[in-house]
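Report on the structure given below.
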Amino acid sequence: MHRTHTCGELTISDLDKTVVLSGWVQKSRDLGGMTFIDVRDRYGVTQLVFDPADDETLRLQARALGREYVIKVTGRVIERESKNTKLSTGDIEIKVSSLDVLNAAKLPPFTIEDDTDGGDELRMKYRYLDLRRNPVRNNLVLRHRLAQETRKYLDAHHFLEVETPVLIKSTPEGARDFVVPSRMNSGEFYALPQSPQTFKQLLMVSGFDRYFQIVKCFRDEDLRADRQPEFTQIDCEMAFVEQEDIILLFEGLITHLFKVIKGVDFGAFPRMSYDQAMRLYGSDKPDIRFGMAFVELNDVLKGAGFPVFDNAELVVGFNAKACAPYTRKQLDALTDYVRRPQIGASGLVYLRYNEDGSLKSSVDKFYSAEQLSQWAQAFNAQPGDLLLVMAGDTDKVRKQLNELRLEVASQLGLRDKNTYAPLWVTDFPLLEWDDESGRYHAMHHPFTSPKTEDIPLLDEQPARVRANAYDLVINGTEVGGGSIRIHDRELQSLMFKHLGFTPEEAQKQFGFLLEAFTYGAPPHGGIAFGFDRLAAIFAGLESIRDVIAFPKNNAGRDVMIDSPSLIADEQLAELGIAIR
Ligand code: ASP
């Protein structure tokens with residue numbers, strides 16, 4: 001027998017029991033002639049004591065143990081003299097009578113402690129050791145709980161968990177596909193799913209009614225902190241539903257998760273249309289933990305002879321509440337911030353509403369005192385406020401001001417990770433113009449249904465067509481998105497046409513779906529949540545890598561298994577592939 005108890009289990013109520021424990025040596029120390037060893041497993045740490053008065057040979061054996069040795073001990077539970085209230089087992093220790101070394105261990109390349117000395121790359125190379133550390137493991141425990149609670153909730157609402165294939169054909173979700181060569185069909189390739197989108201729709205045609213899957217998806221995109229080439233979705237689809245049904249049911253899921261895991265209770269989530277979100281926050285995923293909504297100022301600030309404003313399509317700003325004391329240096333730093341190439345603004349104008357009621361702007365020479373006061377009124381400003389204003393082309397300047405709003409909020413400490421602000425963003429545009437390819441793309445994906453009343457606009461004003469699509473945003477992060485789908489062959493064909501597919505191409509790529517729609521497809525819709533992002537938000541982490549057991553680095557590499565890697569010439573030959 002390897003153990004009678006785990007290392008996190010024994011308490012004062014177990015006094016005098018003879019127990020067997022197994023685990024890893026966390027650390028050892030000598031004190032008052034005795035040797036103490038902390039033995040660790042997933043459940044906790046228990047202190048072992050080796051007393052020379054009992055057995056000096058055993059004590060010397062214990063002293064020789066290195067960090068991370070795997071050991072098994074037998075001993076008696078005794079009360080500790082100096083208790084450790086931080087440990088669940090802190091009232092007791094084990095007076096050891098026998099010790100087995102189950103496996104020796106090399107000195108780990110970094111310390112297996114909550115705060116380690118290991119850098120990122122090293123920890124990733126030895127991820128299996130990193131995962132021994134409490135904070136890392138706890139993130140995965142949290143992830144596990146989120147997955148279990150998700151299953152519980154969806155099961156209770158009659159969702160069936162169905163697995164869909166991984167070797168498929170491209171699902172256009174806007175990213176590049178990962179492809180897998182087929183040996184048996186030389187020259188042909190599978191694509192890995194960017195999501196199970198078409199399969200879950202087919203399950204609705206099959207009458208499954210409610211589907212979900214916690215599923216790996218693959219997208220060959222440039223990586224960022226919240227992106228991995230393979231990531232996990234909570235993927236869902238429902239038949240005979242409208243947008244409102246889906247929103248309410250999944251608001252219920254998120255509410256459930258926050259309640260059981262964080263003890264946070266939300267009321268109904270606020271909602272905002274895409275247009276509103278862009279107008280008020282310059283982003284389709286606004287962080288509404290704080291205000292600072294945009295105020296448009298064309299009427300107030302244009303026509304005073306300041307060319308930057310006069311020539312701009314949009315003059316827009318926000319009120320940085322109580323920031324009037326910002327120094328010249330701080331304001332210059334904000335100007336530099338928006339001028340960085342990543343943001344690309346030409347400049348930043350401010351109006352300072354001083355505590356004494358006076359107004360001071362960076363463009364005073366163009367505006368009278370009266371105009372400055374109208375400017376302040378437009379923001380509903382109070383003494384002590386700082387009004388930050390930018391100008392330019394509407395879409396661009398909104399995005400730039402969004403970056404500034406987030407930066408100022410971060411500086412003011414308004415983006416507290418323990419405050420949660422969920423938000424539904426609805427009524428997304430159906431199509432999005434892409435300069436590079438010179439044509440429209442589906443903003444969500446090609447299976448999203450346009451709003452019925454907007455269908456007549458498709459030919460003449462495609463950009464104005466709104467979709468039955470919605471995103472769930474939490475704290476400025478898009479955690480989920482979905483739509484009501486097209487379930488009619490004609491409309492789906494029309495959609496493909498607008499996306500630039502010839503009828504032959506549409507048939508070739510999506511013939512199976514178009515055909516399925518002719519066999520009685522029910523109205524349906526769904527949503528998918530980025531499970532890694534959701535877990536990162538629950539864990540209060542920026543990077544999704546920390547909630548993934550074996551993540552890839554920013555170059556898409558797994559440095560532990562050294563992948564991707566070259567394959568043997570024979571393997572290439574078998575696949576009929578030549579590397580240039
Ligand atoms: N398949 C979509 C996505 O991955 C989600 C959905 O529409 O359900 O974003």
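Please read all numbers here as calculations on a predicted model, not as lab measurements. Counting convention: from 1, in listed order, for ligands and their atoms alike. The figures that follow rest on heavy atoms only: side chains count, while hydrogens, waters and symmetry mates do not.
Close approach to K200 involves these atoms of ligand 1, each under 4.0 Å from a residue heavy atom: 6 (C), 8 (O). Ligand-side atoms of ligand 1 in range of R485: 6 (C), 7 (O), 8 (O), range being under 4.0 angstrom from any heavy atom. Atoms of ligand 1 lying under 4.0 Å from at least one heavy atom of G482, given by number and element, are 6 (C), 7 (O). Residue contact check: H444 has heavy atoms under 4.0 Å from atoms 6 (C), 7 (O) of ligand 1. Counting atoms of ligand 1 from 1 in the listed order, those under 4.0 Å from a heavy atom of A528 are 5 (C), 8 (O). Ligand-side atoms of ligand 1 in range of Q233: 3 (C), 4 (O), range being under 4.0 angstrom from any heavy atom.
Between E244 and R271 there is a salt bridge, since at least one side-chain N of the basic residue sits less than 4.0 Å from a carboxylate O of the acidic one. Using a 4.0 Å cut-off between charged nitrogen and carboxylate oxygen, D471 and K285 do not count as a salt-bridge pair. With respect to the salt-bridge test (charged N to carboxylate O, under 4.0 angstrom), the residues K508 and E505 do not qualify.
Relative orientation of the Y281 and F294 rings is tilted, given thresholds of 30° and 60° on the angle between their planes.
Closest non-hydrogen pair, E163 versus Q213, comes out as CA-OE1, 3.3 Å. Taking every heavy atom of both residues into account, R405 and F290 meet most closely at NH2-O, 3.1 Å.
Nearest-heavy-atom check against atom 5 (C) of ligand 1 across S195, G481, G525 picks out G481.
Heavy-atom distances between R219 and ligand 1 reach below 4.0 Å in at least one pair. Residue-ligand proximity: Q194 is placed with every non-hydrogen atom at 4.0 Å or more from ligand 1.
Only the backbone of I527 comes within 4.0 Å of ligand 1, counting heavy atoms alone; no side-chain atom from C-beta on gets that close. At a heavy-atom cutoff of 4.0 Å, ligand 1 is contacted by no atom of E478, backbone or side chain.
Ranking the protein heavy atoms by distance from atom 9 (O) of ligand 1 puts E173 OE1, 3.7 Å first. With respect to atom 1 (N) of ligand 1, the closest heavy atom belonging to the protein is Q197 OE1, 2.7 Å.
Residue-to-ligand polar distances keep S483 apart from ligand 1: every N/O pair is separated by 3.5 Å or more. Remark: ligand 1 and E237 share no N or O pair separated by less than 3.5 Å (distance only, no angle test).
The distance between the ring centers of F258 and F266 falls below 6.0 angstrom. Side-chain rings of F510 and F447 approach one another, their centers coming within less than 6.0 Å.
D532 pairs with exactly one of Q228, R143, R545 by the side chain to side chain donor-acceptor pair (under 3.5 Å) rule, that one being R143.
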What do the steps show when you test N134 against R137 for side chain to side chain donor-acceptor pair (under 3.5 Å), and what is the final call? CA-CA 5 Å; N134 294 318; R137 192 191 50 245; 2.7 Å; yes
